[in-house]
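A note on names: the letters A, B, ... follow the listed sequences, proteins ahead of strands, and every chain is numbered from 1. Excluded from the calculations below are hydrogen atoms, water molecules and symmetry mates; all remaining heavy atoms, backbone and side chain alike, are included.
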Number of protein chains: 2
Amino acid sequence: MKKLTLAEKVYQVREDAIVAAVNRLLAEKGFDLMTVDAVAAEVGIGKASLYKHFSSKEDLASAAMAFVLQGALTHAAELAADPSIEDIDRLRSLARWAVQRQISGEMPALPAQNPSLREAMTRDKVYMDRLMQLSDQLGQWIESALAAGALERSLPPEVTLYSLFAKGCDPVVSILKAMGTYTDEQIVDWAVQTCFTGLCGSPARDAAPPQADAGTRKAGKRSP
Amino acid sequence: MKKLTLAEKVYQVREDAIVAAVNRLLAEKGFDLMTVDAVAAEVGIGKASLYKHFSSKEDLASAAMAFVLQGALTHAAELAADPSIEDIDRLRSLARWAVQRQISGEMPALPAQNPSLREAMTRDKVYMDRLMQLSDQLGQWIESALAAGALERSLPPEVTLYSLFAKGCDPVVSILKAMGTYTDEQIVDWAVQTCFTGLCGSPARDAAPPQADAGTRKAGKRSP
DNA sequence: GTCTATATTTAGATAGAC
DNA sequence: GTCTATCTAAATATAGAC
């Protein structure tokens, strides 16, 4: 680690504030509806100052995703450090982390169809490095969980990997959240559950408890 | 049914062509990157003529979704007419229909976060009627499948319903399709499979066949 | 490096002739 | 109803003073 001058520290702090603002706005509005003006306003700086840090709107989005990936890598490292956890549960925990981040409004929503955005992200070495690092880690856990019989054998590891990444932008989570009927915790549980055991659940399990949803609905919004 | 004059028929045919073009362009580019100019060019008419049929870009998108819902209702009616099918398989078939439509480039991609688009769609009576009709039909099948023990009891019917609708925009399908490694049919199978039995699969089942992926990869693109 | 003010571009929407 | 040509608004990006 290089020691930073005061000016560099100030610069870095501002840049972090920018990334945080972009992160929140991307989660709220998505890439296309987020304007650079709104980012500048949220940070409290002029728009021209923004362009001294990032040379395009696409670069802003890329930096936000790189930041999120940093968080994912940190969480993955914690999971890897605990030898008592099964690999399938490491995958589950990371999926849960992604869904929680989404439901708390901190997961950028990027349109996969935007070519200029894709190009900017593939050119971002920081983003790409972290993405590959995370993919590698997940890939190892997937292989291991497959060998242990904890994952469906007929699914290629790639399919499982992408399915896990996709949980970060599950539209069902947004819809349920917008309804306001259930607690965030309950929605996260369902999202992770449907990801790993599907809508049909585990046929091996016996009948669910009679009142499975007791205490899962928000107070004051119970349906008649 | 009212009898149409020739002029009305011509008008209707052109309108159908517009909806088809919008449908394809929405699937390819998504709402934000689809321009009205591109729609006019694809149909082969002037942009001003478009606005004689639809008064806004949002209305175009809404008409495209209403058209897709019409197709879903037709498929649902066919399933309902065959008494030999289990309700859980009706749900599966409809999910498969949606994924197939997506993978063949005929499923509009609409951003859920766009407020003006949401407003236009909720104001579109045709779209809303079909949406409710389909939701009702699916809701009945879900209740019935739940009673038969074919769906996980701990999941509220709403959650299952939205999860099925969400299969129409599953990003995993797009990613796998873009990779070019697998056949469309194989990708559809996996998408439906992960939806209903998840990444872990059914623990009750015995070991999968040794070479589960035989014949599922596209020719000439087999990995080393 | 930060700001105000401005340039440029793009795309949604419309006027008016036919 | 359809077309060409145009208007307008919004948003990305930049110039130039401090």
Side-chain angles (χ1 to χ4, degrees), chain A residues 4-19 21-22 25-26 28-64 110-111 113-121 123, chain B residues 4-19 21-22 25-26 28-64 108-111 113-121 123:
Chain A
L4 299 176
T5 69
L6 177 61
E8 286 170 330
K9 278 184 194 167
V10 169
Y11 187 88
Q12 189 62 45
V13 164
R14 175 146 292 186
E15 195 150 304
D16 292 346
I18 294 172
V19 170
V22 170
L25 284 169
L26 278 182
E28 180 190 338
K29 311 209 178 227
F31 181 76
D32 293 294
L33 269 61
M34 179 191 80
T35 68
V36 179
D37 293 85
V39 175
E42 174 127 342
V43 180
I45 63 177
K47 180 162 56 169
S49 304
L50 256 189
Y51 279 93
K52 299 282 181 180
H53 290 261
F54 301 94
S55 58
S56 74
K57 184 185 178 184
E58 284 78 10
D59 286 350
L60 280 174
S62 190
L110 302 182
Q113 294 134 329
N114 191 322
S116 70
L117 179 57
R118 285 191 74 85
E119 195 208 13
M121 301 191 70
R123 283 190 193 288
Chain B
L4 298 176
T5 70
L6 177 61
E8 285 170 331
K9 278 185 196 166
V10 169
Y11 187 88
Q12 189 62 43
V13 165
R14 176 146 291 187
E15 194 150 306
D16 291 347
I18 294 172
V19 170
V22 171
L25 284 169
L26 278 182
E28 181 190 338
K29 313 212 176 220
F31 181 76
D32 293 294
L33 268 62
M34 179 192 79
T35 68
V36 179
D37 294 83
V39 175
E42 173 127 341
V43 180
I45 63 177
K47 180 161 59 168
S49 304
L50 257 189
Y51 279 92
K52 298 285 181 178
H53 290 262
F54 301 93
S55 58
S56 75
K57 185 185 179 185
E58 284 78 9
D59 285 351
L60 279 174
S62 188
L110 302 182
Q113 294 136 328
N114 192 321
S116 69
L117 179 58
R118 284 192 74 84
E119 196 207 13
M121 301 192 71
R123 283 191 194 287

_Just to be sure I understand the geometry, which residues of residues 46-61 of chain B put a non-hydrogen atom under 4.0 Å away from DNA chain D?_
B/Gly46, B/Ala48, B/Ser49, B/Lys52, B/His53

*Start with the C-alpha distance between A/Met34 and A/Lys57, add both sets of side-chain angles, then the distance that settles side-chain contact (heavy atoms from CB on, under 4.5 Å), and finish with yes or no.*
CA-CA 9 Å; A/Met34 179 191 80; A/Lys57 184 185 178 184; 4.2 Å; yes

Calculate, to the nearest 0.5 Å, the distance between atoms [atom1] and [atom2] belonging to [X] and [Y] respectively.
X: A/Leu60; Y: A/Leu26; atom1: CG; atom2: CG; result: 8.0 Å
X: A/Asp59; Y: A/Met121; atom1: CG; atom2: CE; result: 10.5 Å
X: A/Ser62; Y: A/Leu110; atom1: OG; atom2: CG; result: 9.0 Å

Whole angstrom is fine here: how far is it from [atom1] in [X] over to [atom2] in [N]?
X: B/Asp32; N: C/dT10; atom1: CG; atom2: P; value: 17 Å
X: B/Leu6; N: D/dG1; atom1: CG; atom2: C1'; value: 14 Å
X: B/Asn114; N: D/dA10; atom1: CG; atom2: P; value: 15 Å
X: A/Met34; N: D/dA10; atom1: CE; atom2: P; value: 18 Å
X: B/Asp37; N: C/dT9; atom1: CG; atom2: P; value: 17 Å

*asked:* Between A/Lys29 and A/Thr35 (side chain of the first, backbone of the second, donor and acceptor by atom type, cut-off under 3.5 Å), is there such a pair?
replied: no

*Do the side chain of B/Glu8 and the main chain of B/Thr5 share a donor and acceptor less than 3.5 angstrom apart?*
yes

_Axis bend over the full length of the helix from C/dG1-D/dC18 to C/dC18-D/dG1, computed from five pairs that close each end, to 10 degrees_ = 20°

*Check the pair A/Val36, A/Tyr51 against side-chain contact (heavy atoms from CB on, under 4.5 Å), reporting the backbone distance first and the verdict last.*
CA-CA 9 Å; A/Val36 179; A/Tyr51 279 93; 3.7 Å; yes

_A/Leu33/A/Leu25 under side-chain contact (heavy atoms from CB on, under 4.5 Å): CA gap, chis, key distance, verdict_ = CA-CA 9 Å; A/Leu33 269 61; A/Leu25 284 169; over 6 Å; no

